[in-house]
Amino acid sequence: ICQIDKLEEGCWVNVVSPTEEEIQYFRKIFQEIRLFPIGNISDIDEEWRKINEGQSCYHYWKRAIREAYKSNPGGWAEHSRYVAQACENIASHCKGLSGEKAYVLGLLHDIGRHAGVSSEKHLIDGYRYCSARGWNKAAQICISHAFMIQDINTSIGTFDVSEEDYLFMKNFVANAVYDDYDRLVQLCDSLALPTGFCLLEKRFVDVTIRYGVHPFTVDRWKKILQLKAFFEKKTGCSIYDLLPGVVENSFRQEESHAL
């Protein structure tokens, strides 16, 4: 990111608690120049909505994924899009959750893969990517999505990071305060392949084929199944009813989906 002297198409504008006069200003020029407000993604709040005034900001976040994909092409990007859609579909049926916010958080959960092929390193790479942009909730989910059990020892990957980064992640996981957005992304991460939505069990097998069986593999499965029951209670329906094509994609014959 570099600072520029004047507004131009596609630029980012840091907006912090804008006054009504500033909101009116951005509302006017939004029609003339595509501006991308930077803010804390933990609050896609009224200021954000007033500035966009009904305009969808999805293109902004999709652009971030496209740029990341250019750095490291792979199935992770399509997987992330389906995770995002699953998050939006489920959140839209849950009282107190925003479908838009859930979509963005799901879309960015694997953004750390922009830095290249890695194992658990993509978690902290994503955390840093989002933190640098002020997207604090997304930064948390870049790490928390892999730890539905809040213990770093439950990881199924390899910690291809420095000792300093490992200790940071260990402390972060142990002390993070999860909310329903963290839980939703954890669930939806297991509902999406690069080819579309899938049954949890298919995703369980897909991941185990690639990562192997670990001491906490079954405990992680049990936690995800608990999250499924949790969100089905909130939505009042089977989560699979909210995922178009889940049956067809689940029974499609595919090779293992490397991300």
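Values in this document were obtained by computation on a predicted structure and should not be read as measured data. What's counted below: heavy atoms across the whole structure, side chains too, no hydrogens, waters or symmetry copies.
Sorted by first and then second residue, the salt bridge (charged side-chain N to carboxylate O under 4.0 Å, His left out) pairs with a member in residues 224-245 read Asp180-Lys234, Lys228-Glu232; sequence neighbours excluded. The salt bridge (charged side-chain N to carboxylate O under 4.0 Å, His left out) pairs that include a residue from residues 167-177 number zero, where partners must be two or more places apart or lie in different chains.
A donor-acceptor contact closer than 3.5 angstrom links the side chains of Gln85 and Asn89.
For Val247, the side-chain contact (heavy atoms from CB on, under 4.5 Å) test picks out Phe251, with sequence neighbours left out. Checked against salt bridge (Lys or Arg N to Asp or Glu O under 4.0 Å), Arg81 has the following partners two or more places apart in sequence or in another chain: Glu78. Evaluation of the side-chain hydrogen bond (donor to acceptor under 3.5 Å, both in side chains) rule for Asp160 yields no partner, not counting sequence neighbours. Taking the side-chain contact (heavy atoms from CB on, under 4.5 Å) definition, one finds that Val213 meets it with Thr208, Thr217, sequence neighbours left out. Scored by the side-chain contact (heavy atoms from CB on, under 4.5 Å) test, Cys142 finds Ile111, Cys130 as partners (sequence neighbours excluded). Taking the salt bridge (Lys or Arg N to Asp or Glu O under 4.0 Å) definition, one finds that Glu248 meets it with nothing, sequence neighbours left out. Applying the side-chain contact (heavy atoms from CB on, under 4.5 Å) rule to Ala174 yields no partners; only residues at least two apart in sequence or on another chain are considered. Residues forming a ring-ring contact (aromatic ring centres under 6.0 Å, His included) with Phe197 (at least two apart in sequence, or on another chain): Tyr82.
For the atom pair CG of Asn171 and OH of Tyr166, the computed distance is 11.5 Å after rounding to the nearest 0.5 Å. Interatomic distance, Ser71 OG to Arg113 CZ, rounded to the nearest 0.5 Å: 14.0 Å. Remark: Thr195 OG1 to Asn249 CG distance equals 3.5 Å, nearest 0.5 Å.
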Full working for side chain to side chain contact (heavy atoms under 4.5 Å, CB included) between Asp182 and Gln140: CA-CA 8 Å; Asp182 294 89; Gln140 172 167 311; 3.0 Å; yes
Test log, rule side chain to side chain contact (heavy atoms under 4.5 Å, CB included), inputs Cys198 and Leu191: CA-CA 5 Å; Cys198 65; Leu191 289 169; 5.6 Å; no
Candidate pair Tyr240 and Leu200, rule side chain to side chain contact (heavy atoms under 4.5 Å, CB included), full reasoning: CA-CA 10 Å; Tyr240 296 127; Leu200 288 175; 3.5 Å; yes
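Linking ILVMFWY residues whenever their side-chain heavy atoms come closer than 4.5 Å, directly or via other members, leaves Ile152 and Phe216 in distinct clusters. In the hydrophobic clustering of ILVMFWY residues, with side-chain heavy atoms under 4.5 Å counting as a link, Leu105 and Phe230 come out together. Leu227 and Leu97 fall within a single hydrophobic cluster, where Ile, Leu, Val, Met, Phe, Trp and Tyr side chains are chained together by heavy-atom contacts under 4.5 Å. If you chain together hydrophobic residues whose side chains sit under 4.5 Å apart, Met148 and Leu187 fall into the same group. Ile224 is not connected to Ile143 by any chain of hydrophobic side-chain contacts under 4.5 Å among Ile, Leu, Val, Met, Phe, Trp and Tyr, and they are in different clusters.
Residues Val173 and Asp151 have side chains not in contact (no heavy-atom distance under 4.5 Å, counting atoms from C-beta outward). Counting only heavy atoms from C-beta outward, the side chains of His79 and Arg203 approach each other to under 4.5 Å. In this structure the side chain of Trp221 never reaches within 4.5 angstrom of the side chain of Glu201, judged on heavy atoms. Asp206 has its side chain within reach of Arg210: a pair of non-hydrogen atoms, C-beta onward, lies under 4.5 Å apart. Within the 4.5 Å cutoff, no side-chain heavy atoms of Arg220 are placed close to those of Phe204. Residues Ile65 and Leu107 have side chains in contact (heavy-atom distance under 4.5 Å, counting atoms from C-beta outward).
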With a 3.5 Å cut-off and sequence neighbours excluded, list the donor-acceptor pairs that the side chains of residues 115-124 form with protein atoms.
unit_1	atom_1	unit_2	atom_2	d
Ser118	OG	His122	N	3.2
Ser119	OG	Thr158	N	2.8
Ser119	OG	Thr158	O	3.3
Glu120	OE2	Ser155	OG	2.6
Lys121	NZ	Asp125	OD1	3.3
Lys121	NZ	Asp125	OD2	2.7
His122	ND1	Ser119	O	2.6
His122	NE2	Asp110	OD1	3.1

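Residue Leu184 comes nearest to Ala91 through the heavy atom pair CD2-CB, 3.9 Å, listed as atom of the first residue, atom of the second, then distance.
Between Phe172 and Tyr127, the ring-plane angle classifies as perpendicular under the 30° and 60° cut-offs. Ring orientation note: the planes of Tyr129 and His114 are tilted relative to one another, at an angle of 30° to 60°.
Cation-pi contact between Arg183 and Tyr181: absent, since separation from the ring centre below 6.0 Å together with deviation from the ring axis within 45° is not met.
Ile156 belongs to a hydrophobic cluster with Val207, Tyr211, counting contacts under 4.5 Å between side-chain heavy atoms of Ile, Leu, Val, Met, Phe, Trp and Tyr, direct or through other members.
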